[in-house]
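A short worksheet on the structure shown next.
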Amino acid sequence: MGLEAATKALLDAGITYDAVEVAYVGYCYGDSTSGQRALYNLGLTGIPITNVNNNCSTGSTALYQANTLVKSGLVDCALALGFERMSRGSLSSNFPDRPSPGLVLAEASNEAEELLSTGTNFGPGAPRMFANAGQEHSDKYGSTVEHVAQIASKNHKHSVNNPYSQFRDGWSVEQVLNAPKVTKQLTKFMCSPTSDGAGCCVVASEEFVRKHGLENQAIEIVAQALTTDDPSTFESKSAMNVVGYNMTKACADKVFSQAGFKPGEGRDQVGVVELHDCFASNELITYEALGLCAVGEAHKVVERGDNTYGGKYVVNPSGGLEAKGHPLGATGLGMHFYITMQLRGWAGPMQAPGLFDLPDKRGKYGLIHNIGLGGAVVCSLLRRPEFYKPGGKDGRDRLGYNHAHECRPVTLSDVDKVKSTKSSPFFLARARL
């Protein structure tokens, strides 16, 4: 999976692995140096390869590290790769002989749970925590399980147009509500599945982009931030803060500030969003944390249809984690892939309308939000750069199809096009495609 994703990314950029100066590789369920095992298929060039594990925000954390090095001027081309092969069932630790670092979070969630109108909940740890967060929003502001079901149904309907999606069933609100219960509030179709998958992004300097003639497809990371927990996660007795509402708000405020906006401003210039809907209740509370609406009005976004085609924002046009899947190490990179393809205008049936209906040729922003409990949040603002120049051959020509909305397997012939001059036949003979 990692080889396939990296090969597609390099083909898209029209470069070989020799151009990559540093790589960060994210995964949660794998042995040490799995990143080297994946990338050595493309060559043994001696570059720094760092393995990253940051729970569900692992992929975006790898990208954050790659982007930071490029922004600093230390390198011109960095690669962020993420992959995951997951076991069936709800998330659990691979180390039963020691306490999980997530236990303290579970304890905080249990304390917050007893303050909710619904009392003691049931279900596996992760869905229970996010269900409690949704219940807190309901207790405070009047949102309902029906609003959460509408979000889940919206995402499943979006996924019908995404060939990379794990599920393309397009469940209705009624089907979502009638699915088996996982917690008091959440049904099976409101939850992301365990998934296998991979994603890869190439981050390059403007000089590198111009040198390689990529002005017709390069998308700028205008702003990006990574935040972790503050004391309110554990001290506020808030189920919403336990699952990262506070982290998300801090991270979103930081990226909009980096992009030059005053506090609370800039959201009206966003047109498309990929956010972390590991459970549909988290999408609900994240509307407010990101500043896409006023506090207490997330359910009104749902009622107005301002989270889908024809509304103010298109949120999770990919189908989100609930439908396209959630392979932990790859999820954040996949989010950046989908927003990049939106801003290139390549997304086909997933394309959000009106992104470029502005006097400013850069168009609207794409916003990404990726969270991992324990915890870390990465938010990114992407946009077409000032130097964007349409025309000429692009990644679709190099792959031979539009990979934004068409899924085809990678072949060894594809690998040959992008592998390093320092590749190892011994190693590549053991590659799996």
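Note that the coordinates shown come from a computational prediction; the quantities given were computed from them, not determined experimentally.
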**Message:** Checking S159 against H156: is there a side-chain donor and acceptor pair closer than 3.5 Å?
**Reply:** no
**Message:** Does atom CZ (R168) have a neighbourhood of more than 12 heavy atoms from anything else shown, all under 6.0 Å?
**Reply:** yes
**Prompt:** What residue pairs, at least two apart or across chains, pass salt bridge (Lys or Arg N to Asp or Glu O under 4.0 Å) with a residue in residues 174-195?
**Reply:** none
In residues 1-14, what donor-acceptor pairs under 3.5 Å come from side-chain atoms, sequence neighbours left out?
unit_1, atom_1, unit_2, atom_2, d
T7, OG1, L3, O, 2.8
K8, NZ, R408, O, 3.0
D12, OD1, R344, NH1, 2.9
D12, OD1, H403, NE2, 2.8
D12, OD2, Q217, NE2, 3.2
D12, OD2, R344, NH1, 3.4
D12, OD2, R344, NH2, 3.0

**Message:** Parallel, tilted or perpendicular, judged at 30° and 60°: which one describes the rings of H369 and H276?
**Reply:** perpendicular
**Asked** Judged by atom type as modelled, is there a donor-acceptor pair below 3.5 Å linking the side chain of T183 to the main-chain atoms of R128?
**Response** no
**Request:** Verify the distance criterion only: is there a donor paired with an acceptor across the side chains of D416 and S413 at less than 3.5 Å?
**Result:** no
**Item:** Close side-chain approach of I15 to F208, heavy-atom, < 4.5 Å
**Value:** yes
**Message:** Whether the E283 and N155 side chains hold a donor-acceptor pair (N or O, under 3.5 Å, no angle test) is what I'd like checked.
**Reply:** yes
**Prompt:** Is the closest side-chain donor-acceptor distance between T33 and N51 under 3.5 Å?
**Reply:** no
**Request:** Would you confirm whether D277, through its side chain, and L321, through its main-chain N or O, come within 3.5 Å as a donor-acceptor pair?
**Result:** yes
**Message:** Please identify which of these residues, H137, K300, H299, meets the side-chain contact (heavy atoms from CB on, under 4.5 Å) condition with H147.
**Reply:** H299
**Prompt:** Hey, is the main chain of C379 close enough, under 3.5 Å, to the side chain of Y64 for a donor-acceptor pair?
**Reply:** no
**Prompt:** Do S318 and E274 have side-chain N/O donor and acceptor atoms under 3.5 Å apart?
**Reply:** yes
